[in-house]
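Worth knowing before you read on, the calculation uses all heavy atoms, side chains too, and leaves out hydrogens, waters and symmetry mates. The sequence lines fix the lettering, A, B, ..., with proteins before strands; numbering per chain opens at 1.
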Number of protein chains: 2
Amino acid sequence: MEYQEAKEKFISTWGSLGTLWGINKAMAQIQALLFISTKPLTTEEIMAELKISRGNTSMNVRQLIDWGIVNKELVAGERKEFFTTEKDVQELARIIAKERSRREIKPVIKILQDVSGIKDDGRAETQELIKQTKALHELAKTADSLLNKVVDQKQNWLTKSILKMIN
Amino acid sequence: MEYQEAKEKFISTWGSLGTLWGINKAMAQIQALLFISTKPLTTEEIMAELKISRGNTSMNVRQLIDWGIVNKELVAGERKEFFTTEKDVQELARIIAKERSRREIKPVIKILQDVSGIKDDGRAETQELIKQTKALHELAKTADSLLNKVVDQKQNWLTKSILKMIN
DNA sequence: TTAAATTTTCAATAATTATTGAAAATTTGG
DNA sequence: CCAAATTTTCAATAATTATTGAAAATTTAA
């Protein structure tokens, strides 16, 4: 496999994987492109590389900035904006996990809490709803907490030691 | 909040959450309905509760069975098929994590391995691609391994002890 | 076997989501 | 301040994905 083929394969794989971590294809592909770029890129360059429109590029770069994954870079003597992404995979994982927790997991935990907290009127249906959503609530809280904690360990010693522990 | 409202809220929340774990809305809603049901349900009952068509119900129940989350139940003297879902949240999480690992994470790990394994021709671009995809490859392997191991602990003692450890 | 009950399939259609492109808004060098 | 360069917005459109519904296939009771 040559560089160009490998590059395209990586960008397209990362793009279709976007849905897995809750972002759209273009957004994931822009991030992938920046991730393997040796220098900051302009909107023009992103458009050309990924063959997407200016509007699409603008909106998705903005969203990546909102996520905290992409940054504007100022280049002396240049009027255009240049973009870079976080290059450290640990830090990238940390940012993504935190955002997904905040945007998606936390709100669901809140709803599970509300639903599982309804008054027990003695009916079997009500009791089953309470029991099952309570169990989900507990699971979601534990998983969210674990995710946040694992990902917070900057040097990643924890993950390594856990893996050692259970191997 | 009354039973009916809580039930609808749970089903619709779980439905829109479906995308988070990689399944469509109807599929997630059917699973949610079975999850809080006190008895096995027929296709007719699922159609009526969720207001979806027979074809939609049939296809999505089939997919849930493929995932290993839903089972056919035989009811004596009944010709129709009855369906139930796994009721234990730990086991449910285990099944879902395993399936996602197998269907999505493992194939990506393979591609990252391939891409990061291209020949180093000395160009800066090639070296950056290799370096970055190698880092992602390592991260993905570790995360996948950790996920599978955490979720495999049936009694969940591991998660509890890890949480204790890092609190 | 047969025929009624039930389930599955899949082409047509609807709903949703992503993308374009050009006009409007903003920024910046002079 | 002006005007060129650049970015953003958003209505229109395209692409994708989900859903329907009825015909075909399958199952089962008698």
Taking atom CD1 of A:Ile130 and atom CD1 of A:Ile118, what is their separation to the nearest 0.5 Å?
4.5 Å

Tell me: CD1 of A:Ile30 to P of D:dT7, nearest whole Å?
13 Å

State whether a side-chain donor-acceptor pair under 3.5 Å links B:Trp14 with B:Gln31.
yes

Net bend of the helix from C:dT1-D:dA30 to C:dG30-D:dC1, end axes of five pairs each, nearest 10 degrees
30°

OP1 or OP2 of C:dT8 sitting under 4.0 Å from any side-chain N/O of B:Ser58?
yes

Taking B:Glu86 for its side chain and B:Asp88 for its backbone only, find out whether a donor-acceptor pair lies under 3.5 Å.
yes

Between D:dT26 (C1') and B:Arg54 (CZ): distance, integer Å:
14 Å

Rounded to whole Å, CG of B:Asn60 lies from P of C:dT7 at a distance of 15 Å

Between atom CG in A:Asn56 and atom P in C:dA22, what is the gap in whole Å?
15 Å

Test item: side-chain donor near acceptor, A:Asn148 and A:Asp144, under 3.5 Å
yes

Look at atom NZ of A:Lys98 and say whether more than 12 heavy atoms of other residues, nucleotides or ligands are closer to it than 6.0 Å.
yes

Let me know the distance between NZ of B:Lys51 and P of D:dG21, rounded to the nearest Å.
15 Å

Below 4.0 angstrom, which residues in residues 62-81 of chain A have at least one non-hydrogen atom near DNA chain D?
A:Arg62, A:Arg79, A:Lys80, A:Glu81

Tell me if the NZ atom of B:Lys134 is crowded by more than 12 foreign heavy atoms within 6.0 Å.
no

Can a side-chain donor-acceptor contact be found between A:Lys106 and A:Ser101 if the only test is distance below 3.5 angstrom?
yes

Would you kindly give the CD-to-P distance between A:Gln29 and C:dA18, to the nearest whole Å?
13 Å

Tell me whether B:Glu2 at atom CD has more than 12 heavy atoms from other residues, nucleotides or ligands lying less than 6.0 Å away.
no

Main chain of B:Leu33, side chain of B:Ser37: is a donor-acceptor contact present, judged purely on distance under 3.5 Å?
no

For the side chain of A:Ile52, starting at C-beta, report the closest nucleotide among D:dT19, D:dT7, C:dT20.
C:dT20

From CE of A:Met59 across to C1' of C:dT19 the rounded distance in Å is 10 Å

Just how far, in rounded Å, is C1' of C:dT8 from CD of B:Glu44?
14 Å

Tell me whether the count of non-hydrogen atoms from other residues, nucleotides or ligands lying under 6.0 Å of NZ in A:Lys25 goes above 12.
no

Give me the distances for all protein-to-nucleotides 14-17 of chain C N/O pairs that come in under 3.5 Å?
none

Report yes if some heavy atom in the side chain of A:Leu41 is under 4.5 Å from a heavy atom in the side chain of A:Ile30; otherwise report no.
no

